[in-house]
Amino acid sequence: MSQDELRVSCGGAAAVVPKDGTYLDVKKALSWKNDVLMVLAGGEPKELRSKVEGDCEVVPLTFDDERARWALRHTASHVLAQAVKRLYPGVKLGIGPAIEDGFYYDFDPETPFVPEDLEKIESEMKKIISENIPVIREEVDREKARKMFSDMGETYKVELIDELPEGSTITVYRQGEFADLCAGPHVPSTGFLKAVKLLSLAGAYWRGDEKRPMLQRIYGTAFMTQDDLKAYLDKLEEVKKRDHRRLAKDLDLFSIQEEGGPGLVYWHPKGALIRELIEDFWRKEHRKRGYEIVYSPHIAKLELWKTSGHWDWYRESMYAPMAIEDVEYLLKPMNCPFHILMFKNKTRSYRDLPMRLGELGTVYRYERSGVLHGALRVRGFTQDDAHIFCTREQLEDELVGVLELAQFMLATFGYDEYECMLSVRDPENKAKYVGDDESWALAQSALEEALKRKGLAYKVDEGEAKFYGPAIDIKVKDALGRLWQGPTIQVDFNNPQRFDITYVGEDGMKHQPVMIHRTVLGSMERFVAGLVEHYAGAFPLWLSPTQITVIPITEKFSGYAEKVADTLRREGFRVNCDLGHEKMGYKIRQAQMEKVPYMLVVGAREEENGTVAVRHRAGGDLGAMPLESFVAQAKEELDSKSLEPLVKPGA
RNA sequence: GCUCACAUAGCUCAGUCGGUAGAGCACAUCCUUGGUAAGGAUGAGGUCAUCGGUUCGAUUCCGAUUGUGAGCUCCA
């Protein structure tokens with residue numbers, strides 16, 4: 001082997017490339033397929049177009065690898081920008097990164113884009129892709145880059161260059177007539193893009209700062225094949241089908257009324273029933289674990305909110321004060337001050353601790369109109385709130401108890417996967433937080449220990465703590481793999497101080513309790529909306545508003561149908577007896593669309609034998625079985641809060 | 001709050017290049033008595049989000065307001 005050659009190995013295979021060769025040469029030499037987008041050389045991710053730096057072991061990276069995927073999509077965003085520049089030369093470029101499921105590019109157009117423009121832009125992108133333009137990386141010095149982009153009128157790019165730290169390598173990527181300030185990496189040419197699609201158009205502030213100009217962002221995505229792209233678009237359709245706003249309307253669960261005001265939820269009978277069932281479950285599980293359930297008012301004197309610190313820290317999220325007999329009152333955005341007042345109502349002993357006060361407390365927060373979203377983000381909502389007052393020594397055990405409760409309740413609803421975050425204070429900026437180092441250390445280690453004792457993996461999120469203490473934030477994964485804000489548990493040393501609450505210890509001295517703020521479900525509005533999407537509207541038996549529909553084949557059997565329905569009602573089921581004079585197929589369709597778990601079809605055969613022909617909304621026809629047999633199995637399903645149907649096909 | 005888009009019957013949506021509107025589903029009545037996802041007929045139902053402007057005339061064009069959606073930002 002000559003000195004002008006480099007030896008590259010890959011698994012068992014090996015190749016020799018010229019000394020100034022690139023990984024494209026390696027690709028050729030090793031006959032890699034075109035799905036290789038990047039390589040790992042000596043463990044470092046490299047573009048295919050970069051030079052081989054020495055003898056090394058390489059690993060080809062395809063779309064399955066996150067880095068390669070991001071490179072491909074990042075190139076797609078450049079193609080988008082190139083297409084836009086070809087069609088609208090006066091447009092100024094913002095930034096255009098790859099994101100989780102695709103990419104976007106921010107533009108400052110002379111005249112705003114309209115949705116129809118996307119089609120035009122997309123077909124120009126396809127042209128650029130078919131031209132298979134090489135994507136070339138180029139290092140430039142700061143002055144040259146600055147001049148280049150200011151000559152092009154790209155003022156946003158110039159701003160970015162000016163903010164790059166001293167001594168950093170500035171790179172420009174060129175593809176044909178188009179050039180962009182960009183750190184890379186990219187795929188070697190535009191022809192590597194096989195399936196791209198532009199998805200939506202939206203506003204976005206320059207650098208996410210609302211004081212800066214609003215740019216127009218075009219979102220898109222890219223895959224290796226049209227089939228994969230289609231699968232992704234189908235998934236978006238599935239998400240749309242499960243949308244709680246759609247399903248809540250179809251299933252008549254809740255609404256938001258224009259006449260009533262934005263962000264305020266109206267729970268219709270069926271939605272209210274689901275909520276009631278969840279709340280009953282919530283109360284039962286809390287009482288079991290030593291919680292006491294309370295109610296507190298909806299308004300309180302402004303003075304109270306000053307004491308709690310809300311007036312200083314939370315004012316912009318609160319509804320304006322109302323004057324009542326010359327005293328200002330505020331609608332509550334949180335329940336904590338009320339629970340503190342209850343604690344404070346009499347002298348507390350260490351024997352009273354831990355004191356766990358729970359409340360399904362309805363709070364109101366002023367949310368900016370643009371952030372409201374169905375029942376997920378609203379202005380009035382009911383938190384499943386609780387505050388635990390305990391000693392420092394009890395803190396860790398209490399936190400474990402909260403985690404156990406949270407895990408149990410979430411599992412009941414079918415949420416088995418979580419991501420836990422430990423939100424701690426920003427070590428660089430301790431002034432932002434109240435309380436001494438010792439308290440913070442104690443709180444943090446208690447939270448950490450509790451997570452470890454429950455065997456929960458977690459990530460530490462610096463700077464995400466509330467001003468009064470560190471927290472555990474749990475995100476739960478739903479049936480589509482999406483993450484939802486779940487339980488949050490916060491340790492608070494601040495409010496006990498502000499309200500000067502104490503208990504008398506064993507030593508007869510006054511001590512300050514620690515406070516834990518915690519919610520398991522979050523809010524009833526958000527939780528039920530999340531459940532609607534998680535279950536795609538098909539609630540498990542115990543939560544279904546109508547659990548069983550009895551369908552007589554003809555009116556002749558309505559007597560038997562009513563008898564069956566009565567029996568089921570006596571057994572505690574929510575039953576609808578469909579005596580309408582439609583055909584059976586029609587009634588089944590109605591029940592299917594209402595997502596009623598069980599349909600019992602009864603006709604001559606059933607009446608004669610005292611049976612019911614059972615149909616499950618997902619499992620279909622289960623055949624006939626004695627009514628008692630159905631009742632026994634369905635009761636088991638109901639009482640165990642089973643997520644799966646437990647009624648088995650009859651003989 | 002900001003950018004862009006949208007607002008027609010309970011729901012999903014047509015439509016009017018400006019002359020006060022239509023379908024399917026749902027609803028009501030009647031006929032049909034039918035074995036596992038839509039039987040038939042008839043009927044009722046809309047100040048085309050609200051308020052202004054332009055016009056002989058506005059649901060249609062323009063403006064404002066309200067609400068909704070996609071995002072930015074923020075959060076239970």
Side-chain angles (χ1 to χ4, degrees), chain A residues 94 104 106-109 112-117 199-219 240 243 245-246 249-250 252 255-263 314 316-317 333-335 361-385 473 484-488 517-527 529-530 551-558 581-594 599-606 613-617 619-624:
Chain A
Y104 68 80
D106 285 345
F107 301 100
D108 188 358
F113 295 133
V114 294
E116 294 75 62
D117 292 334
L199 297 171
S200 63
L201 183 62
Y205 295 110
W206 170 236
R207 320 208 68 181
D209 181 347
E210 60 187 276
K211 291 184 191 66
R212 305 218 212 191
M214 173 69 73
L215 307 181
Q216 271 193 302
R217 176 170 297 178
I218 296 178
Y219 284 92
K240 226 162 132 186
D243 191 313
R245 292 165 297 184
R246 165 89 266 127
K249 202 182 263 185
D250 288 348
D252 200 14
S255 64
I256 292 173
Q257 301 287 332
E258 183 170 350
E259 290 95 325
Y314 208 72
E316 75 287 355
S317 296
M334 294 187 190
N335 304 300
T362 303
V363 298
Y364 292 87
R365 298 182 187 173
Y366 169 72
E367 299 279 357
R368 302 162 97 196
S369 59
V371 304
L372 300 175
H373 180 85
L376 290 176
R377 192 71 190 275
V378 292
R379 285 180 173 161
F381 55 94
T382 301
Q383 282 183 306
D384 70 305
D385 209 358
D473 288 297
W484 297 73
Q485 179 61 57
T488 69
H517 304 243
R518 43 111 291 173
T519 168
V520 174
L521 308 177
S523 78
M524 298 314 295
E525 285 72 10
R526 182 177 284 180
F527 189 74
I551 299 173
I553 287 200
T554 77
E555 276 173 38
K556 268 184 271 172
F557 307 106
S558 47
H581 49 214
E582 305 291 344
K583 284 171 82 165
M584 182 197 61
Y586 182 87
K587 293 179 184 176
I588 287 175
R589 181 162 195 273
Q590 293 302 309
Q592 281 290 145
M593 293 201 305
E594 277 180 49
M599 287 151 261
L600 303 185
V601 177
V602 295
R605 297 201 291 269
E606 288 74 21
V614 182
R615 180 192 166 92
H616 185 260
R617 67 182 169 205
D621 192 353
L622 302 178

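The sequence lines fix the lettering, A, B, ..., with proteins before strands; numbering per chain opens at 1.
- A close approach under 4.0 Å does not occur between any side-chain nitrogen or oxygen of A/R377 and OP1 or OP2 of B/G69.
- For the OP1/OP2 pair of B/A70 and a distance below 4.0 Å, the side-chain nitrogens and oxygens of A/H373 include at least one atom meeting the criterion.
- Checking A/L215, A/L201, A/I218 one by one against A/F107, the side chain to side chain contact (heavy atoms under 4.5 Å, CB included) holds for a single residue, A/I218.
- Nucleotide B/U3 holds its P atom 21 Å from the CZ atom of A/R207, rounded to whole Å.
- Counting to the nearest Å, the C1' atom of B/U3 and the CG atom of A/D209 are 15 Å from each other.
- Across all strands shown, A/E258 has heavy atoms under 4.0 Å from base atoms, whether or not it also approaches the sugar-phosphate.
- Pairing partner, B/G34: none, since no Watson-Crick or wobble contact has both distances short of 3.5 Å.
- Looking at A/S200, its side chain has no donor and acceptor atom pair within 3.5 Å of the base of B/A70.
- The pairing partner recorded for B/A58 is none, the criterion being a Watson-Crick or G-U wobble arrangement whose two distances lie under 3.5 angstrom.
- Here the shortest heavy-atom pairing between A/A204 and A/M214 reads N-SD, 3.1 Å.
- Distance check on atom C1': B/A70 versus B/C56 gives 42 Å, rounded to whole Å.
- Position along RNA chain B of the nearest nucleotide to A/L376 versus A/R379 favours A/R379 as the more 5'-ward residue.
- Residue A/I553 has its side chain nearest to B/G34 when only B/U3, B/G34, B/A26 are considered.
- Nucleotide B/A23: paired with B/U12 (Watson-Crick or G-U wobble, both distances less than 3.5 Å).
- The shortest side-chain heavy-atom distance between A/R617 and A/E594 does not fall under the 4.5 Å cut-off.
- Between A/K583 atom NZ and B/U33 atom P the separation is 10 Å, expressed in whole Å.
- Contact annotation: A/T519 side-chain N/O to B/A76 OP1/OP2 distance is not under 4.0 Å.
- Across all strands, A/R526 comes closer than 4.0 Å to base atoms (heavy-atom distances).
- Remark on RNA chain B: of its neighbouring residues A/Q383 and A/P262, the 5'-side contact belongs to A/P262, judged by nearest-heavy-atom nucleotide.
- Closest to the A/Y586 side chain, of the nucleotides B/A38, B/G35, B/C72, is B/A38.
- With a cut-off of 3.5 Å on both pairing distances, the Watson-Crick or G-U wobble partner of B/G63 is B/C51.
- Contact annotation for A/Y366: backbone-only contact, meaning every heavy-atom pair under 4.0 Å involves sugar-phosphate atoms and none involves a base.
- Distances were taken from every side-chain heavy atom of A/R589 (C-beta onward) to each of B/A37, B/C2, B/A70; the shortest belongs to B/A37.
- Among the heavy atoms of the strands, none lies under 4.0 Å from A/R212.
- With both pairing distances under 3.5 Å, B/U3 is matched to B/A70 as a Watson-Crick or G-U wobble pair.
- Taking the 5.5 Å centre cut-off and the 30° plane limit, the aromatic side chain of A/F381 is classed as stacked on B/A76.
- Residue A/V371 has its side chain nearest to B/G1 when only B/U36, B/G69, B/G1 are considered.
- As a whole-Å value, the separation of A/Y219 OH from B/A5 P is 17 Å.
- Taking every side-chain heavy atom of A/Q485 into account, B/A76 is the closest of B/U3, B/A76, B/U12.
- One atom, CZ of A/R365, and another, P of B/G1, lie 19 Å apart when rounded to the nearest Å.
- Distance CD (A/E555) to P (B/G34): 11 Å, rounded to an integer number of Å.
- A pairwise comparison of heavy atoms in A/R377 and A/V371 identifies CG-O, 3.1 Å as the closest pair.
- One finds a side-chain N or O of A/R245 lying less than 4.0 angstrom from the OP1 or OP2 phosphate oxygen of B/G69.
- The nearest whole Å value for the distance from the CD atom in A/E606 to the P atom in B/G34 is 14 Å.
- The pair A/R589-A/E582 does not meet the salt-bridge criterion, since no charged nitrogen lies less than 4.0 angstrom from a carboxylate oxygen.
- Remark: A/D209 engages A/R212 in a salt bridge, criterion side-chain N to carboxylate O under 4.0 Å.
- Note: CG (A/L201) to P (B/U3) measures 14 Å, nearest angstrom.
- Across all strands shown, B/A41 forms a Watson-Crick or G-U wobble pair with B/U29, both key distances being under 3.5 Å.
- At a cut-off of 3.5 Å, with distance as the only test, no side-chain donor of A/D473 or A/T488 sits close to an acceptor on the other residue.
- Considering only side-chain N and O atoms, A/K249 lies under 4.0 angstrom from the phosphate OP1 or OP2 of B/U12.
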